[in-house]
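The chains referred to below are lettered A, B, ... by the order of the sequence lines, with proteins before strands, and numbering in each begins at 1.
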Amino acid sequence: MVQIFYSLIYMSVRVRFAPSPTGALHIGGVRTALYNYLFAKQQGGAFILRIEDTDRTRYVPGAEQYIIETLKWVGLLPDEGVGFGGDKGPYRQSDRKEIYHHYARELVQRGHAYYAFDTPEELALRKQAEENFTYNQQTRGGLSNSLTLSETEVESRLKAGTPFVIRLRVEPGRAIHVQDLIRGEVVFQSGELDDKVLLKADGMPTYHLANIVDDHLMEITHVIRGEEWLPSTAHHVLLYEGFGWTDTMPVFSHLPLILKPVGNGKLSKRDGAKFGMPVFPLEWEGATPEESFSGFRDTGFLPEAAINFLALLGWHPGGEQEIFSLQDLIQAFSIDQISKSGARFDYEKAKWFNQKYIQAANNEVLASYIRPLVNSKGYEATDEYLEQVAALMKERVTFLPDFVETGYYLFEPVREYDKETLQKKWTPPIAEIFNELTGMVATFEPFNGPALEEAVKHFIHEKAVKPGDILPLLRIALAGTMKGPAVFDMAVALGRKETVRRLQALSELG
RNA sequence: GGCCCGUUCGUCUAGGGGUUAGGACGCAGGAUUUUCAUUCCUGUAACACGGGUUCGAUUCCCGUACGGGCUACCA
């Protein structure tokens, strides 16, 4: 006992993120990965990526790569796992088939599991006949399994290759206590539990078996997973008991769900299209447009912003800080401050975080994010110019693509002029002054923001017109719109030649 | 239906037997900026309901309602 206590204290923390490669990884999965990562790093432990691909019918090619790419994008790099090495592998469950067979058989030998020969069709019929039919301690006596069949019959069926599953043998009359770090003690009555399938007829384990065997073999100390696993945790405890692994059973924490922005229920992949927002980390190209999704990355989120947003969806350290770097999060994180109730996906808040992170990012970093967007539009620009664009636009954008979309006029001629303002401001006398101003700008030295501004204002004063008569026109000439960066900063960024060209273009139009 | 979990402003949340129930997003108004945005200030708005326990409950307990999850040879 003393020894167990000792080992629990000094055993280093090991947590796992164990997604199933059935398609694009849901944003809730990213949050689960994040909480696991934060806990591991804070405790000086290991963060492990395990791929749970035991359902061959739901396997989707590319999903595993998607998961890995997501973790890389958000910066949650596993210490061990598929694609990351480690000495407790293999970390892909389909590569561990024999291991599960071995343990499933061992559990049968220990009397905590049994062979069952009932076919899916037979069970489906039973369910049709009896509405609440479950395979459990009440019903198994009347079914076809190694508890009802003679030993020789079982032997011969196994020898003949009759398909079978292995089921957990749950005995009634016990209270199973689960200690959850988020929810406290949760109690289940064993009499209400069914005899879960552990090993399927195709030879693959179910989640229940695989997750216990792997967590044990991989020396996982803490299981941090979604709330949907809470009801089956009682079965998991029974498995630890059955194997005699209770001393090293991991500590459980069941996370609250992420809910739809409006309406009832948990956030689903369809909500992305429905509400016009990403619910996946990365873009995903499915077989059809309906199965293809956009993600946070291609929408133009900074990974740091996505992480900050996700971290606070269901957890809060208690202070009034809102902006947390990954390092801040590692320091501040604690499992007992995770909320118990589900959190609605608040996209407005996500946008706010992104805006904040873009504002705070330095121009060089932003330029590197803008570069691919610029290239894909076919624009040409130097890195130095992109840094200027970043400086000009960073306080006016929400998403990365806004730099080249809202600010397109920093890369190509004005496409469309604000007619309303033009109609109001463009009068023959003003046009004449404007032309004169164009001539001045063409030769004015030095061509920098403050000097230019000073000179133009002086010019306006001399002509006895109001700044409001000229400045808006200048802006429209350069950007076409009444929104945007300071006019003189724009002029300097565009350069003298382009500025003059645009001023002339407006005159010709007028 | 059964089992399990939950419930503080519209949203994310802090708090906790006695508080003007705090912050953030959003929204509204204002200041700054002769654009827009940023920034700053102000405002808006919450303890689901009913019983206990208590001198006192939003906080503790029990119910109810509502919401959610699970109930597959899916994870």
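- Taking atom C1' on both nucleotides, rA28(B) is separated from rG68(B) by 34 Å, rounded to a whole Å.
- The side chain of Q359(A) sits closest to rU39(B) out of rA24(B), rA37(B), rU39(B).
- Residue pairs meeting the salt bridge (charged side-chain N to carboxylate O under 4.0 Å, His left out) criterion with at least one partner in residues 452-464 of chain A, sequence neighbours excluded, are E436(A)-K463(A), E453(A)-K457(A).
- Base pairing annotation: rC27(B) forms a Watson-Crick or G-U wobble pair with rG43(B), both donor-acceptor distances under 3.5 Å.
- Base engagement by E395(A) is indicated by at least one non-hydrogen atom pair under 4.0 Å involving a base atom.
- When the side-chain contact (heavy atoms from CB on, under 4.5 Å) test is applied to E498(A), the partners found at least two apart in sequence or on another chain are L494(A), R501(A), R502(A).
- For the C1' atom pair drawn from rA24(B) and rG43(B), the interatomic distance equals 16 Å after rounding to whole Å.
- Note on G318(A): only backbone sugar-phosphate atoms sit closer than 4.0 angstrom, heavy atoms only; bases stay farther off.
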For this session: Can you check each nucleotide of nucleotides 69-75 of chain B against protein heavy atoms at under 4.0 Å and return B for base, S for sugar-phosphate only, - for none, in 5' to 3' order?
Result: BS--BBB
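- Across every strand in view, rA57(B) sits unpaired, with no contact that passes the Watson-Crick or G-U test at under 3.5 angstrom.
- Across all strands shown, rU20(B) forms no Watson-Crick or G-U wobble pair with both distances under 3.5 Å.
- Look at rU38(B): it lacks any Watson-Crick or wobble partner with both distances under 3.5 angstrom.
- For residues 449-491 of chain A, there are no ring pair (Phe, Tyr, Trp, His ring centres under 6.0 Å) pairs, not counting sequence neighbours.
- Taking only side-chain atoms of R183(A), from C-beta outward, the nucleotide of rC5(B), rU35(B), rC4(B) with the closest atom is rC5(B).
- In this structure, I476(A) atom CD1 and rU35(B) atom P are separated by 14 Å, rounded to whole Å.
- Between the side chains of R167(A) and S146(A), no donor-acceptor pair of N or O atoms lies under 3.5 Å.
- In this structure A477(A) satisfies the side-chain contact (heavy atoms from CB on, under 4.5 Å) test together with F434(A), L503(A), L506(A), sequence neighbours excluded.
- Rounded to whole Å, the C1' atom of rA75(B) lies 38 Å from the corresponding atom of rU59(B).
- For the pair K260(A) NZ and rG67(B) C1', the computed distance is 14 Å after rounding to whole Å.
- The gap from the P atom of rC36(B) to that of rG18(B) amounts to 48 Å, rounded to the nearest Å.
- Residue contacts for Q321(A): at a heavy-atom cut-off of 4.0 Å it reaches no nucleic acid atom on any strand shown.
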Enumerate, atom names and distances included, each donor-acceptor pair closer than 3.5 Å involving a side-chain atom of residues 350-357 of chain A, sequence neighbours excluded.
from    : atom 1 : to      : atom 2 : distance (Å)
K351(A) : NZ     : E348(A) : OE2    : 3.4
Y357(A) : OH     : N308(A) : OD1    : 2.5
Y357(A) : OH     : F324(A) : O      : 2.9

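- Residues H254(A) and R225(A) bring a donor and an acceptor atom of their side chains to less than 3.5 Å of each other.
- Judged by distance alone, the side chains of E52(A) and N211(A) never bring a donor and an acceptor atom under 3.5 Å apart.
- When the C1' atom is used for both rC40(B) and rC62(B), the distance is 50 Å, rounded to whole Å.
- Taking atom CG of residue D489(A) and atom C1' of nucleotide rU33(B), one finds them 13 Å apart after rounding to whole Å.
- The distance between atom CG of L392(A) and atom P of rC36(B), rounded to the nearest whole Å, is 17 Å.
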Any N/O pairs under 3.5 Å between the protein and nucleotides 9-13 of chain B? List them or say none.
from    : atom 1 : to      : atom 2 : distance (Å)
rU11(B) : O2'    : D346(A) : OD2    : 3.4
rC12(B) : OP1    : R344(A) : N      : 2.8
rC12(B) : O2'    : L312(A) : O      : 2.9
rU13(B) : OP1    : G314(A) : N      : 2.6

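- The 5' end of RNA chain B is approached more closely, in terms of each residue's nearest nucleotide, by E192(A) than by the other of E192(A) and N264(A).
- Checked for salt-bridge contact, D215(A) and R50(A) meet the test: a charged N lies under 4.0 Å from a carboxylate O.
- Rounded to an integer number of Å, the gap from L422(A) CG to rU35(B) P is 18 Å.
- To the nearest whole angstrom, the two P atoms, one in rG23(B) and one in rA14(B), are 15 Å apart.
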Give the table of side-chain donor-acceptor pairs shorter than 3.5 Å for residues 255-262 of chain A, with sequence neighbours excluded, one pair per line with atom names and distance.
from    : atom 1 : to      : atom 2 : distance (Å)
K260(A) : NZ     : D271(A) : OD1    : 3.1
K260(A) : NZ     : D271(A) : OD2    : 3.1

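- Between rA45(B) and rG26(B), the distance separating the two C1' atoms is 11 Å to the nearest Å.
- Nucleic acid contact for K356(A): sugar-phosphate only, since backbone atoms but no base atoms lie under 4.0 Å from a heavy atom of the residue.
- The C1' atoms of rA46(B) and rG15(B) are separated by 13 Å, rounded to the nearest whole Å.
- A side-chain donor from one of E185(A) and Q179(A) sits under 3.5 Å from a side-chain acceptor of the other.
- Residues passing the side chain to side chain donor-acceptor pair (under 3.5 Å) test with E106(A) are R110(A), sequence neighbours excluded.
- When Watson-Crick and G-U wobble pairs are counted only if both distances are under 3.5 Å, rG63(B) pairs with rC49(B).
- The distance between atom NZ of K483(A) and atom C1' of rU35(B), rounded to the nearest whole Å, is 10 Å.
- Going from atom CZ of F309(A) over to atom C1' of rA24(B) covers 13 Å, rounded to whole Å.
- Base contact: P485(A) has a heavy atom under 4.0 Å from a base atom.
- Using a 4.0 Å heavy-atom criterion, one finds that Q189(A) contacts no nucleic acid atom at all.
- Summary of the strand contacts: Q355(A) and K340(A) both lie near RNA chain B, and taking for each the nucleotide with the nearest heavy atom, the more 5' one is attributed to K340(A).
- Among the protein residues, V187(A) comes within range of the sugar-phosphate backbone only, with heavy atoms under 4.0 Å from sugar or phosphate atoms but none that close to a base.
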